[in-house]
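First comes the structure, then the notes that go with it.
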There are 2 protein chains.
Amino acid sequence: MKLDNTHQLIIENISRFIDLTELEKQKYISLLTEIKIDRKTFLMQAGDITKYEYFITKGCLKVYTLDENGTPHISMFAVEDYWTGDMASFITKEPSRYFIKATEDSELLGISRANYDLLFQQIPKFERFYRILYQRSLISYIRRANHGISLTAEERYIRFKKKYPKIVNRITQKDLAAYIGITPEFMSKIITKVNRR
Amino acid sequence: MKLDNTHQLIIENISRFIDLTELEKQKYISLLTEIKIDRKTFLMQAGDITKYEYFITKGCLKVYTLDENGTPHISMFAVEDYWTGDMASFITKEPSRYFIKATEDSELLGISRANYDLLFQQIPKFERFYRILYQRSLISYIRRANHGISLTAEERYIRFKKKYPKIVNRITQKDLAAYIGITPEFMSKIITKVNRR
DNA sequence: GAAAAAAAATGAACTAGTTTAAGATTTTTA
DNA sequence: TAAAAATCTTAAACTAGTTCATTTTTTTTC
């Protein structure tokens with residue numbers, strides 16, 4: 001049986017780390033939920049108990065918290081071929097502190113908590129997939145945590161641009177500022193300064 | 001067969017997430033290397049290719065990088081019952097950018113890369129253990145990354161003290177500053193200010 | 001247990017990043 | 001396609017955190 005493009009992408013993503021039989025692929029796909037979401041609408045909001053972990057097949061979303069002043073702090077931008085969600089809430093089933101909002105019309109595949117647990121029972125190989133996926137995410141978050149406390153805002157901007165050249169062009173400067181951890185005004189100054197060179 | 005205290009601790013740590021038979025415990029323990037290290041000595045240095053992932057059974061270590069000015073930035077403090085190492089170098093087999101130094105005489109159990117790979121072949125259940133371990137680490141690093149860019153140094157200090165009350169008393173103010181991401185001078189000011197209240 | 005070394009405290013001058021405010025430009029919506 | 005809304009730019013005054021220099025206190029070493 002031939003896979004459609006949407007499922008093709010997620011299967012390729014998984015096949016980078018583990019090998020699946022045709023049967024396992026079908027079984028896995030049957031556990032997924034297809035989700036379409038318009039630009040500027042929420043996939044989830046703070047206070048929700050996270051129902052899904054998501055894989056993005058099309059579009060772009062931002063994952064963020066609001067602090068006590070109402071200032072947003074963006075944790076990640078998720079585009080095609082990325083996984084996202086709020087793992088803490090997904091695992092503990094406690095209310096999330098995160099918002100996830102589409103910055104473009106987007107299409108996602110979601111796996112519910114019940115199906116996630118089922119997946120490990122039915123295809124234990126997925127423990128390995130997630131072990132490797134989380135391991136790699138961990139490496140990049142450890143780096144991000146270190147950069148946040150050791151680099152200047154300008155250095156963080158330059159690295160972001162180098163690491164995610166395609167994402168820079170898809171997001172507003174304001175959102176970039178909320179990711180870098182500075183005000184939009186200072187972001188504007190940095191960009192002017194860096195591009196002047 | 002009765003386990004000694006050292007192995008007892010690591011088996012209890014693992015048993016929080018997966019169940020092991022006596023045979024599996026013995027098998028696992030046979031893959032570990034016991035390491036003792038004196039205060040102020042290095043477990044590894046930048047440029048090394050990381051040989052092991054470590055579990056601490058006694059003592060305290062700091063994991064840090066040095067920036068181009070020679071300023072240290074501490075990524076984590078590892079004490080009893082913690083796992084540490086440089087995952088990026090361990091996985092990619094590329095030279096590490098981290099130093100790991102004991103701040104107290106310490107005892108560790110190390111698993112080599114070869115044995116780590118062997119472990120998954122011989123006891124596939126360990127994929128699940130590491131999946132859960134990494135998942136939990138990921139949750140706390142995502143939080144740390146967000147705090148680094150959204151909280152003031154004083155707020156980060158207060159949270160560290162609340163989250164790790166035992167560790168605060170085992171480390172120098174200078175090392176705490178390198179973890180929080182500020183100068184020792186400013187750390188001193190914050191502590192004076194917070195304790196005055 | 002004295003001397004040396006490291007850590008901590010304090011203060012003054014500085015800089016990276018914030019705040020507030022107002023105008024210019026771009027994007028969205030009807 | 002015009003009006004409204006959002007984003008971006010610029011600038012002046014401000015604050016969190018740095019730097020550098022000196023002294024005091026604590027820890028380490030012999």
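Because only heavy atoms are used, hydrogens play no part in the values below, and waters and symmetry mates are left out as well, while side chains stay in. Quick note on labels: first sequence line is chain A, next is B, and so on, each numbered from 1.
A perpendicular orientation is assigned to the rings of Y116(A) and F120(A), their planes being inclined by more than 60° (bins at 30° and 60°). Under the 30°/60° scheme for interplanar angles, the aromatic rings of F42(B) and Y64(B) are found to be tilted.
Spacing between atom CG of D67(A) and atom C1' of dT18(C) amounts to 13 Å, rounded to whole angstrom units. Taking atom CE on M187(A) and atom P on dT18(C), their separation rounds to 11 Å, with Å as the unit. Rounded to an integer number of Å, the gap from CZ of F186(A) to P of dT10(D) is 14 Å. Taking atom CG of residue N69(A) and atom P of nucleotide dT20(C), one finds them 10 Å apart after rounding to whole Å. Between K189(B) atom NZ and dA12(C) atom C1' the separation is 9 Å, expressed in whole Å. Between N169(B) atom CG and dA8(C) atom P the separation is 13 Å, expressed in whole Å. At whole-Å resolution of the value, CD1 in I182(B) and P in dA16(D) are 13 Å apart. For the pair L151(B) CG and dG17(D) P, the computed distance is 10 Å after rounding to whole Å.
With the nearest nucleotide of DNA chain D identified for both D175(A) and R39(B), D175(A) has the one nearer the 5' end. Mapping I190(B) and E185(B) onto DNA chain D via the closest heavy atom, the residue that lands nearer the 5' end is I190(B). Comparing R156(A) and T172(B) against DNA chain C, the residue whose closest nucleotide sits nearer the 5' end is T172(B).
Side-chain atoms of S96(B) and S89(B) form no donor-acceptor pair, as typed in the model, at a separation below 3.5 Å.
Here the side chain of K174(B) is nearest to one of dC8(D), dG17(C), dA7(C), namely dA7(C).
The shortest non-hydrogen separation linking K163(B) to S140(B) is NZ-CB, 4.2 Å.
Looking at K25(A) and E22(A), a side-chain N of the basic residue comes within less than 4.0 Å of a carboxylate O on the acidic one, giving a salt bridge.
Contact annotation: Q173(B) side-chain N/O to dA9(C) OP1/OP2 distance is under 4.0 Å. For dT18(D), one of the phosphate oxygens OP1 or OP2 lies less than 4.0 angstrom from a side-chain nitrogen or oxygen of T183(B). Distances shown here put a side-chain N or O of T192(A) below 4.0 Å from the OP1 or OP2 atom of dT10(D).
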